[in-house]
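Inspection log for the structure reproduced underneath, given as structure tokens.
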Amino acid sequence: MRTIDDFTRPLEYLAPVDKHLGDIVRAWAEREVMPYRRQYDEDWEAHRLIEPAFRSLMGELGFQRMLFPEDVGGWGFGHSGYTATIACRAFEEIARADSGMAVAFGVLFWPLVMICNEPHVNRRLCEELAPMFCDTTAPCFAANAMTEPQGGADIENMEIVGGSTIETTAVLDGDEWVINGHKLWPTNSGGVADLFGVVCTTKAGSRDLDDFAFIFVPAKNPGCTQSGPYQKAGMAADKNGDIWFEDCRVPSWYRAHGPGLDAMYFKEVISFGNMGSTAFVVGALMNVYEILKDFCTEQTYRGKPLKENDDIAGVLADFARDIDICRILAYQCARMIDRPDLYGERWSDEIVAKGRGYKYFACDRAVEDLKKAMNIMGAHGSDRLWDVEKHWRDVKIVQLWMGGKQLCQMEVARWFYECETL
Amino acid sequence: MRTIDDFTRPLEYLAPVDKHLGDIVRAWAEREVMPYRRQYDEDWEAHRLIEPAFRSLMGELGFQRMLFPEDVGGWGFGHSGYTATIACRAFEEIARADSGMAVAFGVLFWPLVMICNEPHVNRRLCEELAPMFCDTTAPCFAANAMTEPQGGADIENMEIVGGSTIETTAVLDGDEWVINGHKLWPTNSGGVADLFGVVCTTKAGSRDLDDFAFIFVPAKNPGCTQSGPYQKAGMAADKNGDIWFEDCRVPSWYRAHGPGLDAMYFKEVISFGNMGSTAFVVGALMNVYEILKDFCTEQTYRGKPLKENDDIAGVLADFARDIDICRILAYQCARMIDRPDLYGERWSDEIVAKGRGYKYFACDRAVEDLKKAMNIMGAHGSDRLWDVEKHWRDVKIVQLWMGGKQLCQMEVARWFYECETL
Amino acid sequence: MDYQELFPVPVEWLQDVDRSMARTVADWADAEVIAGRLEHKEDYDALLLPAMRKLLVDIGLQSMLWPEEMGGGGLGTPDAAMTLAAVIEQVGRADSGIAFVLANTFALQSAFAIEPYKNEALLEHMAPVVCGKDPVIASLILPSYSKDPDAAAFYGLPYQAAAKRDADGWLLSARDARPQCSGAGAYAFGVACAGESDEPMLVLVAPHLRGFSTGEPFKKTGLAASINADITMDGVRAADAQVLLQGTTRMRGMLAWYYTLCAAACSGALLATYDIIKEWGDTRVIKGKGQVFKENPLVASLLGEIGGKMAMGRLLTFNAARLLSAPNLYGPAGSPPVATAATAAFKLAARGAMEAMDNTMELMASAGYATEWNLERYWRDVKTLESCVLPETVAQTDLARHYFDLKEL
Amino acid sequence: MDYQELFPVPVEWLQDVDRSMARTVADWADAEVIAGRLEHKEDYDALLLPAMRKLLVDIGLQSMLWPEEMGGGGLGTPDAAMTLAAVIEQVGRADSGIAFVLANTFALQSAFAIEPYKNEALLEHMAPVVCGKDPVIASLILPSYSKDPDAAAFYGLPYQAAAKRDADGWLLSARDARPQCSGAGAYAFGVACAGESDEPMLVLVAPHLRGFSTGEPFKKTGLAASINADITMDGVRAADAQVLLQGTTRMRGMLAWYYTLCAAACSGALLATYDIIKEWGDTRVIKGKGQVFKENPLVASLLGEIGGKMAMGRLLTFNAARLLSAPNLYGPAGSPPVATAATAAFKLAARGAMEAMDNTMELMASAGYATEWNLERYWRDVKTLESCVLPETVAQTDLARHYFDLKEL
């Protein structure tokens with residue numbers, strides 16, 4: 001009897017703790033998420049059902065501590081050599097249950113990547129921020145405040161705009177940054193986040209990457225306000241909203257690293273986002289594989305189980321094949337992040353561009369495959385009872401976030417073809 | 001300046017001799033194939049230009065000896081633990097120049113896989129057959145005589161037909177097999193092959209896999225005749241034709257292994273075919289990448305180089321992304337063949353099915369990508385001067401061979417969904 | 001917006017009545033639905049139901065095919081295919097769920113209200129209701145997958161209901177049958193089942209009949225205008241007069257109307273998509289260079305792709321409607337060429353619509369996904385249509401059956 | 001084979017003359033090309049040239065648009081769009097390369113032989129040749145990529161030729177310009193270039209003119225019927241009378257004819273594909289179980305997909321032709337809606353044809369690839385058309401320009 005564990009992973013890459021952590025997350029997901037997820041759509045605003053599941057995973061099981069150094073209360077994965085590979089497994093398992101939840105969980109680490117990962121650990125900030133995450137059993141969320149109202153993900157398009165479109169400013173006033181600006185759409189906004197990593201500029205309109213700043217802002221700081229969540233087509237566990245910074249002050253050393261370095265290491269954030277997105281998609285697809293297998297074994301057409309009809313088997317085959325392929329890519333992507341000694345720095349243009357490629361490939365395949373899965377299921381493709389339509393709606397947003405497909409294409413083209421004006 | 005060597009390979013998997021052998025094959029291809037390949041289409045029947053290139057690679061450089069044990073004059077890769085990974089690299093490099101040539105080269109090893117690879121080396125047959133390949137600087141070709149006139153690649157569809165459609169029979173007469181039957185289409189037929197691996201049955205109509213036999217037949221044996229090559233849309237270096245066996249006699253020990261084992265190890269042939277096909281496609285695509293990059297840098301539209309037009313860059317990005325992905329898959333596939341200790345026997349249903357998946361994925365992507373590449377090139381997409389149309393024609397046949405896409409889908413569906421009647 | 005100027009279909013097919021109806025419905029779409037959707041989202045009671053009432057009763061769509069002397073619109077000829085295609089396209093622009101409900105309603109009506117299959121007695125019987133003051137919608141219960149491999153089937157696809165003959169007519173039974181739409185709100189159902197000699201038939205069933213029960217409304221991807229629920233029938237009695245049609249050709253004819261009108265619903269969703277992305281493309285600026293979104297070559301390339309799909313969707317829809325509207329030229333609706341053209345029109349229009357809407361969402365990124373921008377509801381609706389109306393593999397086999405003369409499938 | 005019965009297009013668009021011409025050409029296709037292709041493959045001298053001669057001269061296709069009093073067929077009205085679509089589809093069934101050459105020839109003719117743009121003087125001048133005893137084919141030299149980023153361009157795509165005005169008319173120059181077809185065999189070329197005020201114009205040029213030179217024929221993927229070679233013009237003189245059209249609208253009108261006829265060529269290739277796979281599917285047996293190939297559900301599913309693309313290709317082609325044939329209803333050929341419909345028809349028909357033929361090859365496996373089975377030549381031809389006639393990205397931008405009102409691209 002084949003299961004999701006039969007999909008290929010490069011076994012050479014797996015972390016020693018892979019099985020242990022994977023089992024824990026899977027048990028949690030099957031116990032605390034899957035029985036309830038069908039009601040998540042109505043829970044998009046209140047998170048009455050969603051919050052307890054986060055509490056259990058992040059706070060009680062303690063997964064929100066993963067990235068911090070051991071000596072500040074974390075699990076020390078930031079220097080494990082397996083950071084991304086472990087994350088990849090965890091993301092898969094969570095997304096199998098609910099990819100909105102996987103995104104919210106993944107993004108919690110996004111700002112922390114800037115300061116917790118070797119070789120650029122910011123000890124002082126780790127010590128300062130670790131207690132929020134490590135000294136509690138309550139879930140603690142973080143978010144990257146990047147996108148701005150006009151131009152959207154242009155922020156991420158650093159090669160071409162060089163940070164010049166960032167309108168959120170940080171001005172040094174004594175030993176404090178004073179931040180002003182308006183951000184929108186980040187995962188874990190809409191009132192959820194306790195901590196923001198804010199992409200801003202120390203000099204409005206500048207194309208000099210020295211002026212690009214990544215500054216941590218606790219959400220409870222005066223001058224930092226959040227709107228309620230937007231209503232969306234799905235992914236209820238991921239809240240998104242507006243964030244306003246009005247003369248919001250933080251200590252000067254809340255800037256991640258400083259001129260030049262912030263922009264450089266920020267690309268590592270993108271690399272993790274690429275790997276994570278690929279893993280989210282794989283997790284969702286693996287769950288649909290389980291469902292499809294049941295459905296197509298149980299329902300009949302032409303007097304035979306659906307899966308014994310060659311035409312339907314053909315679609316099922318493409319579905320399984322694509323999971324197998326995307327899973328290999330997710331782990332290859334993770335490995336390339338984990339082993340800079342072999343593959344180059346994880347913030348390099350190469351790793352970012354290739355990761356963008358895997359990400360948009362996996363998302364495109366997933367959206368196509370889920371559409372076909374729904375078509376196979378006929379009248380049941382769109383009812384919530386089977387959860388396939390849910391994964392379809394959720395995966396679509398993984399495809400759209402982080403600048404969407406076109407930005408990925410431009411980065412890939414720039415790197416592989418040395419384009420200069422895109 | 002990015003080159004084809006910038007496409008990702010899992011570095012952990014590479015053979016120690018990867019660079020050395022890869023350099024040799026690349027130099028050979030650039031010297032002896034690429035300057036002449038544009039004339040290959042007209043050389044499809046005579047092989048006046050094609051044969052010397054084969055002679056150089058296979059006979060003089062000695063690559064046709066790769067698989068045989070060292071003590072019979074071979075290079076001993078059949079027990080290297082890197083057999084498939086080395087082959088993958090060689091196939092890529094050859095297919096970059098000409099995928100027809102890569103197929104013909106790859107298929108030379110196909111029957112030999114049955115007897116040269118650990119853990120099922122047939123010493124007696126190795127000793128008997130090695131001199132044909134190892135004691136000469138002339139190219140020596142082998143072929144697998146599988147497909148029969150009615151039903152085509154049904155032969156490969158062993159799960160469902162269990163060998164019952166094989167009409168080529170082998171009858172033991174004293175210590176000789178007497179073979180009768182009609183085969184068609186194998187690569188390296190059409191008068192090329194010196195040695196055939198013949199798929200036949202010891203009991204016509206039987207579904208018992210013990211009756212499946214794989215028997216070696218030297219092409220010069222009495223009773224074995226070949227037609228001239230068919231004319232095809234491309235892939236001139238790969239000749240295909242009819243083969244007739246009429247009371248063709250070989251020693252009884254020319255059967256690869258015997259009842260049950262022939263059928264079992266034959267699946268390893270399929271695994272190598274899957275890996276090889278994926279590698280052929282990657283090689284062809286990498287060459288088109290080189291060409292496209294030149295073309296799109298040199299030609300202008302809207303007053304800019306083509307590659308600086310965002311819409312064209314988008315297509316170029318998809319092209320590069322797919323190469324990167326297919327290359328990872330080719331090496332993952334090779335690794336899974338090379339390391340049965342980690343991934344299971346290379347003749348297992350799992351490895352066969354997953355390999356089929358990678359193969360048909362890579363072929364589908366390649367055909368689509370090459371179509372788009374030709375569209376980008378406008379009036380030049382279809383002229384021979386740029387070689388892109390050649391790769392397009394050639395890659396199409398990689399997609400079609402080995403039973404084509406539908407057979408791949410059925411094997412993948414069978415394995416992942418436990419289908420029983422497909 | 002002059003969609004004809006943008007995506008021309010042969011206007012010669014449309015008569016004055018078609019254009020006038022389409023204009024009326026276009027105004028309804030803007031005033032009754034589009035104007036209210038930012039405030040009411042997809043609220044059934046606050047937005048969709050009142051809009052449906054206006055359309056069906058006040059504008060009189062639901063009685064359009066009924067004879068004038070019974071209080072209807074008097075359009076019960078095959079020409080109605082063009083009228084309905086033009087009208088449902090505009091409804092779909094407002095709300096593809098309402099358009100889908102109309103496609104069900106009119107497909108059912110096509111079985112007995114359109115020449116040469118007019119059933120005067122039934123029309124007379126239903127006139128007081130259909131030409132009355134309350135909205136009357138209908139739903140089809142079509143063949144679908146089943147857990148029972150031995151169930152009677154229409155080209156291999158099991159019927160959801162079984163019919164047993166007795167002296168007084170038919171007894172229908174079904175367990176948790178899934179209607180195409182509005183299981184919890186339809187006035188009438190057209191139930192497909194096997195009749196005498198296993199010939200397919202469509203039986204008119206009303207929910208007030210004894211033995212008919214309606215399950216709880218279930219949650220689903222889209223189609224907020226359809227409150228759907230599974231139906232169970234325990235020996236529901238149907239008189240012979242309730243048998244709307246018998247035989248494969250008639251069944252395929254009814255389905256040809258259904259598929260064509262569903263294609264029109266998809267085409268309407270694409271017009272809505274057009275309006276949304278057109279505004280986005282005109283007003284958004286990217287690359288920090290003051291480049292208007294639509295003038296970026298990559299964006300333009302996708303817009304071209306999207307627009308091509310829109311043009312194709314319209315062409316497929318109106319061509320299929322034209323074939324239905326002129327049986328003297330093209331044969332009856334249930335003849336293989338016409339029925340197959342309708343299947344192809346729906347399948348290709350729905351697929352093209354999904355591709356175009358997916359691409360549009362990619363262009364709009366998160367805004368494409370947010371309720372506020374109104375696109376995502378059409379995307380959910382059309383996907384629901386695509387999978388529910390006719391599973392892809394079933395459609396493909398239908399096409400192959402005609403084009404390649406299949407004998408066994 | 002009654003393709004209309006299989007893949008119906010609105011027959012009301014076709015007049016008796018169209019059907020009769022199509023029937024004549026269908027007979028020609030079977031007798032003069034298809035019957036000989038197993039023996040002669042794609043041999044130009046043994047098969048294609050004699051067939052072209054028969055078609056163009058004996059049947060009289062090449063003079064179809066010329067006035068009867070000059071010895072032509074007298075069909076020089078926009079109705080010819082329907083005639084040509086029906087005829088070129090049948091030619092394409094025989095050989096898509098010949099169909100492509102005809103598309104070039106008639107697109108050029110459309111610029112001066114069809115009302116309201118009839119150029120009586122030019123018709124008169126050419127009549128002896130066109131209505132004579134030798135085949136007369138024409139070729140277009142259209143904008144294409146260039147190494148010179150500053151070259152004058154038609155919507156961004158550089159012209160391959162430059163025109164310089166002097167007192168006596170124009171001097172044309174071009175270096176290794178790539179004609180659409182038949183560089184080595186065309187009697188006349190329609191050369192696109194920038195005229196006064198950079199307005200596009202199309203100039204008639206004959207290869208015997210001083211300064212005109214033809215390169216060596218080059219090898220290419222397909223289109224054996226077109227012996228193509230690059231063209232160089234060193235100050236070739238063209239009188240004002242040779243300027244066939246001026247202005248963007250006229251140029252787009254000519255291109256609309258061209259794209260529509262190229263779509264017809266693709267549609268014809270699909271009919272040939274249909275015949276080949278139909279026979280294969282009917283006669284092949286697989287799975288060792290006596291299952292007829294086409295009755296396998298996976299095969300049937302792909303056949304359905306293939307058939308749907310065929311139906312769509314025909315519909316796109318004939319719809320575009322219809323729009324061209326009735327300027328009173330739809331506006332002139334060069335108006336944005338009509339011109340865009342033609343672009344979309346070609347782009348979608350060519351893409352659909354490639355998909356259908358690729359799928360067909362997948363079903364036939366190696367036989368699809370072998371010359372003997374005749375499929376692969378259509379596959380090579382259509383791919384050549386798809387890339388040469390109009391690069392994908394250029395087509396997408398054309399569509400977006402109209403649908404989304406682009407200003408800059």
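Letters go in sequence order (proteins before strands), and every chain restarts at 1. What you see below is based on every heavy atom in this structure, not just the backbone, and it leaves out hydrogens, waters and symmetry mates.
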Take atom CD of Gln231(A) as the centre, draw a 6.0 Å sphere, and report whether it contains more than 12 heavy atoms from other residues, nucleotides or ligands. yes

With sequence neighbours left out, write down each residue that passes salt bridge (charged side-chain N to carboxylate O under 4.0 Å, His left out) with Asp398(C), or none if nothing qualifies. Arg401(C)

Relative to chain A, which segment of Arg178(C) carries a heavy atom at a distance below 4.5 Å: side chain, backbone, both, or neither? side chain

Answer key: most heavy-atom pairs under 4.5 Å with chain C among Lys371(A), Lys304(A), His380(A) is Lys371(A)

Between Asp364(A) and Lys405(A), is there a side-chain N and carboxylate O pair less than 4.0 Å apart? yes

Is the backbone N or O of Gly97(C) less than 3.5 Å from a side-chain atom of Asp381(C), with the two atoms forming a donor-acceptor pair by type? yes

How about NZ on Lys372(A), more than 12 heavy atoms from neighbouring residues, nucleotides or ligands closer than 6.0 Å, or not? no

Please find out if less than 6.0 Å separates the ring center of Trp401(A) from that of Tyr369(C). no

Give, as side chain, backbone, both or neither, the part of Met354(C) having an atom under 4.5 angstrom from any heavy atom of chain A. both

Using the side-chain contact (heavy atoms from CB on, under 4.5 Å) definition, which of the options Ser96(C), Cys181(C), Ser139(C) pairs with Val101(C)? Cys181(C)

Please determine whether the number of non-hydrogen atoms from other residues, nucleotides or ligands lying under 6.0 Å from atom OH of Tyr36(A) exceeds 12. no

Which region of Trp379(C), side chain (C-beta onward) or backbone (N, CA, C, O), has a non-hydrogen atom less than 4.5 Å from a non-hydrogen atom of chain A, or is it both or neither? both

Identify which of Asn240(A), Val367(A), Asn309(A), Leu306(A) forms the greatest number of heavy-atom pairs closer than 4.5 Å to chain C. Leu306(A)

For Leu157(C), which atoms come within 4.5 Å of any heavy atom of chain A: side chain, backbone, both, or neither? both

Verify, without hydrogens or angle tests, whether Glu148(A) (side chain) and Leu184(A) (backbone) share a donor-acceptor contact under 3.5 angstrom. no

Within the supplied structure, the quantity of interest is the number of heavy atoms (other residues, nucleotides, ligands) at a distance under 6.0 Å from Glu420(A) CD; does it exceed 12? no

So, the part of Tyr155(C) with a heavy atom under 4.5 Å from chain A: the answer is backbone

Measure distances from Leu142(C) to the heavy atoms of chain A and classify the residue's part below 4.5 Å as side chain, backbone, both or neither. neither

Would you find a donor on one side and an acceptor on the other, under 3.5 Å apart, between the side chain of Ser226(C) and the backbone of Ser182(C)? yes

Do Glu368(A) and Arg365(A) meet the salt-bridge criterion of a basic N to acidic O distance under 4.0 Å? no

Select one option (side chain, backbone, both, neither) describing which atoms of Glu42(A) are under 4.5 Å from chain C's heavy atoms. side chain

Below 4.0 angstrom, N of the basic side chain to O of the carboxylate: do Arg37(C) and Glu42(C) qualify? no

Could you have a look at Arg377(C), Arg351(C), Glu372(C), Met361(C) and say which one has the most heavy-atom pairs with chain A under 4.5 angstrom? Met361(C)

Out of Leu223(C), Val389(C), Thr397(C), Val299(C), return the one with the most heavy atom pairs under 4.5 angstrom to chain A. Thr397(C)

Where does Gln399(A) contact chain C at under 4.5 Å (heavy atoms): side chain, backbone, both or neither? side chain

Using a 4.5 angstrom heavy-atom cutoff, name the option from Pro143(C), Gly156(C), Ala370(C), Ala350(C) with the most pairs to chain A. Gly156(C)

Find the one option among Leu298(C), Asp148(C), Asp150(C) whose heavy-atom pairs under 4.5 Å with chain A are most numerous. Leu298(C)

Can you tell which part of Gln396(C) gets under 4.5 Å to a heavy atom of chain A, answering side chain, backbone, both or neither? neither

Test: Asp358(C) and Lys396(A) ion pair at under 4.0 Å: yes

Under a 4.5 Å heavy-atom cut-off, does chain A meet the side chain of Val394(C), its backbone, both or neither? both

Keeping the roles fixed (side chain from Thr273(C), backbone from Ala269(C)), state whether a donor-acceptor pair exists under 3.5 Å. yes

Interface moiety of Ala367(C) toward chain A, non-hydrogen atoms closer than 4.5 Å: backbone

Quick one: which residues of residues 383-395 of chain A reach chain C at under 4.5 angstrom, heavy atoms only? Asp383(A), Arg384(A), Glu389(A), Trp392(A), Arg393(A), Asp394(A)

Look at the side chain of Asp41(A) and the backbone N and O of Ala236(A), then say whether any donor-acceptor pair between them is shorter than 3.5 Å. no

Tell me, for Ala153(C) versus chain A, whether the close heavy atoms (under 4.5 Å) come from the side chain, the backbone, both or neither. neither

Does any backbone or side-chain atom of Leu302(C) lie under 4.5 Å from a heavy atom of chain A? Answer side chain, backbone, both or neither. side chain

If one checks every heavy atom of Tyr230(A) against chain C at 4.5 Å, the contacting part turns out to be neither

If one checks every heavy atom of Met377(A) against chain C at 4.5 Å, the contacting part turns out to be backbone

Contact class of Tyr360(A) relative to chain C, heavy atoms under 4.5 angstrom: neither

Whether Asp43(A) and Arg37(A) form a salt bridge (side-chain N of Lys/Arg under 4.0 Å from carboxylate O of Asp/Glu) is what I want to check. no

